[in-house]
Amino acid sequence: MRFTPMGGAITAAIDLDFAVNHGITIPLSDLTYMQFRLLRIISEERGRFEEEEMKRRSEEAQLRGQNRPVMQIDQTRPRHRHHGW
């Protein structure tokens with residue numbers, strides 16, 4: 001597969017990000033400045049995405065809570081159990 005120079009740099013940064021997130025340590029001195037910047041951008045974008053997802057899920061949960069039908073139990077009537085005997 002052929003990449004443009006920038007495409008190759010982005011692909012390498014994504015691979016490095018994967019490695020770092022799975023416990024592989026890479027000394028900063030082993031990275032080029034471009035790789036460092038791309039890793040930083042990936043990290044920042046991931047953070048934004050996670051914040052947006054949490055906000056969206058929270059809003060969805062609130063909507064589900066507002067739309068949930070309320071079941072009221074009449075506690076004045078005695079309850080009878082049917083045992084099927």
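As a basis for the values below, the full set of heavy atoms in this structure was taken, side chains included, without hydrogen atoms, waters or symmetry mates. What you see is a predicted model, and the numbers here were worked out from it, not measured in a lab.
To the nearest 0.5 Å, atom CG of residue L16 and atom CD1 of residue I26 are 4.5 Å apart. Taken to the nearest 0.5 Å, the CG atom of L38 stands 12.5 Å off from the OG atom of S43. Of the inter-residue distances, the one linking E59 atom CD with R57 atom CZ reads 13.0 Å to the nearest 0.5 angstrom. Rounded to the nearest 0.5 Å, atoms CD (E44) and CD1 (I41) are 7.0 Å apart.
Applying the 6.0 Å contact sphere to CZ of F18 captures no more than 12 heavy atoms from other residues, nucleotides or ligands.
Between R46 and E51 the shortest side-chain heavy-atom distance does not fall below 4.5 Å. Looking only at side-chain heavy atoms (C-beta outward), R37 and I42 stay at 4.5 Å or farther from each other.
I24 and I14 sit in two unconnected hydrophobic clusters of ILVMFWY residues. Membership requires side-chain heavy atoms under 4.5 Å apart, directly or through other members. One hydrophobic cluster holds both L28 and Y33 under the rule that ILVMFWY side chains link at heavy-atom gaps under 4.5 Å. Grouping the Ile, Leu, Val, Met, Phe, Trp and Tyr side chains by contacts below 4.5 angstrom, directly or via other members, places L31 with V20.
Of the charged side-chain nitrogens involved, none lies within less than 4.0 Å of a carboxylate oxygen, so that E52 and K55 do not count as a salt-bridged pair. With salt bridges taken as basic N to acidic carboxylate O contacts below 4.0 Å, one links E53 and R56.
In this structure, E50 has no salt bridge (charged side-chain N to carboxylate O under 4.0 Å, His left out) partners at least two apart in sequence or on a different chain.
Listed for the S58 side chain is no donor-acceptor partner under 3.5 Å among the backbone atoms of M54. At distances below 3.5 Å, not a single donor-acceptor pair connects side-chain atoms of D17 with backbone N or O atoms of A13.
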